[in-house]
Amino acid sequence: MIYEVVIGVEVHAQLRTQSKLFCGCGTVFGLAANSQTCPLCLGLPGSLPVLNQAAVEMAVRAGLALNCTIAGSNLFARKNYFYPDLPKGYQISQYEAPICEHGWIEIAASEGRRRVRIRRAHLEEDAGKSVHVAGTNGSRVDLNRAGTPLLEIVTEPDLRSSDEVVAYLKGLRDVLMYLEVCDGNMDEGSFRCEPNLSLRPLGQKEFGTKVELKNINSFKFVKDAIEYEIKRQTKVLNEGGKVSQETRLWNLDRGETVVMRSKEEAHDYRYFPDPDLVPLKLEKEWIEGFRSSLPELPAARASRLVGEYGLPEYDAGVLTSDKDLARFFEDAVRAQLPASRQDQDKMEQMFGVAVLDSPREIAKETSNWVTVELLGLLNRGNTKQADKPKSLTIRESPVTPQMLAGVLFIKRTGKISGPVAKMVLEVMFETGKEAKEIVDEQNLGQVSDEGELAKIIDEVLEKSPAQVAQFKEGKQQVLGFLVGQVMKASGGKANPGKVNELLKKKLG
Ligand SMILES: [Zn+2]
């Protein structure tokens, strides 16, 4: 039997507010246990919640960016359950009237770009954390996280493979990070995923029984857990069994999912409107004000980079996956394109040449240097300054867009070759010095002087009589080898075009 996989996803995104959803306690990660608590988030009797306006604004902006309808009238509800990290015995959430509904996000699926529908996104408070320390008696509870604002974003069952789920999650995380409503830090639990999936015979309309996978905080684990679950459910069905509706956990060490609990239904939670909170009314003009101030989002920016700079879609996708990376790229391109005659003169003064290449060539070259060379260096970290290099983000890059533009400029003038330019960038990364300074200091300028080159060429030809003979017999390919030898002998500084020309002349 061939089965179709049907997947929906719930994401809990922590909103980047300074304080919690219903009290003034801070939301800093990693502080001493229970140091960010007050009577309200400890659930003490008599305390009353006050809604955090910043959290509502962030939810509205996220909803608009995700193409949702924003509800003018919002209700908060109590979701009742017992757990040690939930001191009130209920979680304040939204049930019947979520703040955002009926949105969508576009993903790159195997058959092309496709919309994934977002059913709803609602505000709720996070629970605390139970801490189980091996070798100690019992467990402890840390309530620093209790009451932190979350946006829970729920899709329709529109996803069909683990790759699509990862594409959706990455796209969603990018949007939330562009909006600066979520820091996207998966290690700290700021972006947690709960996929639910079921199988059905291919062609069947009705859904199979779904299993929910709880709190996964890495794209790789999401993919692994879904792949595992597809195999497990296929086996159960093929053996004539029934998949039971349950919540499972991804066990990293064993590489398998394990049952956590049988799935509860909504009525198990006895939702009812929270009597401590008045219904929240949002005015239309207030909502629309946020729409007009939304930043350019990743998908729009990617298609603009393709249209404006002629970049391949792949490059545009990599660059726009991070707002600051995209900004770095555009700044570096702009720094190479003179806006006026005056700028051009200034550049000629600084670098000795004016811009010659077309903007599109400059953009493609810059994209390669940002996504391959610079990201490579950032990933590796600074080897000179730290004993144990740690990878850096683009925001921590010691190379600025203007500095990278300087390297590419000098390379374009022919003063340094591609390999030398890479070396210059590396030195720049380690020392923070400008390209011109590095080239001058280390005497890296490309050798184009015919007399100097002729000397190196003669030496190489003398050492390679066999290749010279082959070339004279008509083996043209040998020329590439000889050019390579000359480049090597010159320490990468010879001008390859000139070398080619002179070699041909010498060999007749
Ligand atoms: Zn508090």
Side-chain angles (χ1 to χ4, degrees), residues 1-12 79-86 91 93 95 107 109-111 114-120 127 130 132 152-170 172 186 189 191-271:
M1 181 77 83
I2 298 172
Y3 298 102
E4 182 184 33
V5 193
V6 178
I7 313 173
V9 181
E10 286 177 18
V11 162
H12 287 91
K79 180 181 183 181
N80 299 280
Y81 66 92
F82 172 77
Y83 206 74
D85 63 16
L86 189 74
Q91 176 192 25
S93 179
Y95 179 56
I107 61 160
S110 49
E111 77 274 14
R114 180 159 69 74
R115 280 183 186 184
V116 175
R117 290 170 299 158
I118 289 167
R119 180 184 297 167
R120 58 185 281 153
S130 294
H132 317 285
E152 180 177 326
I153 303 153
V154 185
T155 72
E156 297 290 348
D158 284 356
L159 297 152
R160 294 292 176 268
S161 70
S162 60
D163 285 335
E164 286 191 8
V165 171
V166 172
Y168 163 75
L169 290 172
K170 284 188 172 163
L172 174 65
M186 298 178 81
F191 187 90
R192 317 191 289 258
C193 325
E194 296 180 352
N196 56 71
L197 74 158
S198 60
L199 300 188
R200 63 181 172 192
L202 194 63
Q204 180 183 301
K205 271 242 159 64
E206 301 84 63
F207 292 131
T209 306
K210 75 177 173 186
V211 166
E212 190 177 312
L213 301 171
K214 204 73 187 159
N215 271 341
I216 310 182
N217 63 348
S218 119
F219 294 135
K220 181 177 184 298
F221 299 162
V222 167
K223 189 172 161 62
D224 291 349
I226 291 174
E227 295 290 340
Y228 175 87
E229 197 52 28
I230 292 171
K231 280 197 200 113
R232 186 189 70 84
Q233 291 185 24
T234 304
K235 186 158 178 274
V236 170
L237 294 173
N238 280 344
E239 285 169 357
K242 268 188 181 162
V243 172
S244 37
Q245 183 174 335
E246 61 200 5
T247 301
R248 299 176 75 92
L249 285 174
W250 174 241
N251 185 311
L252 184 57
D253 300 325
R254 281 156 54 187
E256 59 184 41
T257 63
V258 288
V259 183
M260 180 189 177
R261 57 170 186 245
S262 65
K263 176 68 183 168
E264 58 293 309
E265 301 284 348
H267 61 247
D268 293 325
Y269 289 117
R270 300 171 354 266
Y271 281 99

Legend entry - Considering all heavy atoms, the nearest Arg254-Glu256 contact: NH2-OE2, 2.8 Å
Inset, instruction - Mind checking salt bridge (charged side-chain N to carboxylate O under 4.0 Å, His left out) for Glu152 and listing every partner two or more places apart, or none if nothing turns up? - result: none
Legend entry - Side-chain touch Asp253/Asn251, heavy atoms, less than 4.5 angstrom: yes
Legend entry - Sequence-distant partners of Tyr95, ring pair (Phe, Tyr, Trp, His ring centres under 6.0 Å), two or more places apart: Tyr271
Inset, instruction - Kindly say whether Val9 contributes a backbone atom to a donor-acceptor pair with the side chain of Thr155 at under 3.5 angstrom? - result: yes
Inset, instruction - Kindly say whether Lys205 contributes a backbone atom to a donor-acceptor pair with the side chain of Arg200 at under 3.5 angstrom? - result: yes
Inset, instruction - Mind checking side-chain contact (heavy atoms from CB on, under 4.5 Å) for Ala127 and listing every partner two or more places apart, or none if nothing turns up? - result: Tyr81, Asp85, Leu86
Legend entry - Lys231 with Glu227: basic N within carboxylate O range, under 4.0 Å: no
Inset, instruction - Please round to the nearest 0.5 Å and tell me the distance separating atom CE of Met186 and atom CG of Asn217. - result: 6.5 Å
Legend entry - Main-chain N/O of Val211 paired to Asn196 side chain as donor or acceptor, under 3.5 Å: no
Legend entry - Set of side-chain contact (heavy atoms from CB on, under 4.5 Å) partners for Ile216, sequence neighbours left out: Pro195, Leu213, Phe221, Val222, Ala225, Trp250
Inset, instruction - Please name all residues satisfying side-chain contact (heavy atoms from CB on, under 4.5 Å) with Arg117, sequence neighbours left out, ordered by chain then number. - result: Glu156, Asp158
Inset, instruction - Look up atom OG in Ser218 and atom CZ in Arg192, then write down how far apart they are to the nearest 0.5 Å. - result: 15.0 Å
Inset, instruction - Could you tell me which residues satisfy side-chain contact (heavy atoms from CB on, under 4.5 Å) with Lys170, sequence neighbours excluded, listed by chain and number? - result: Val166, Phe219
Legend entry - Residue pair Ser244 / Glu246, side-chain donor-acceptor N/O under 3.5 Å: yes
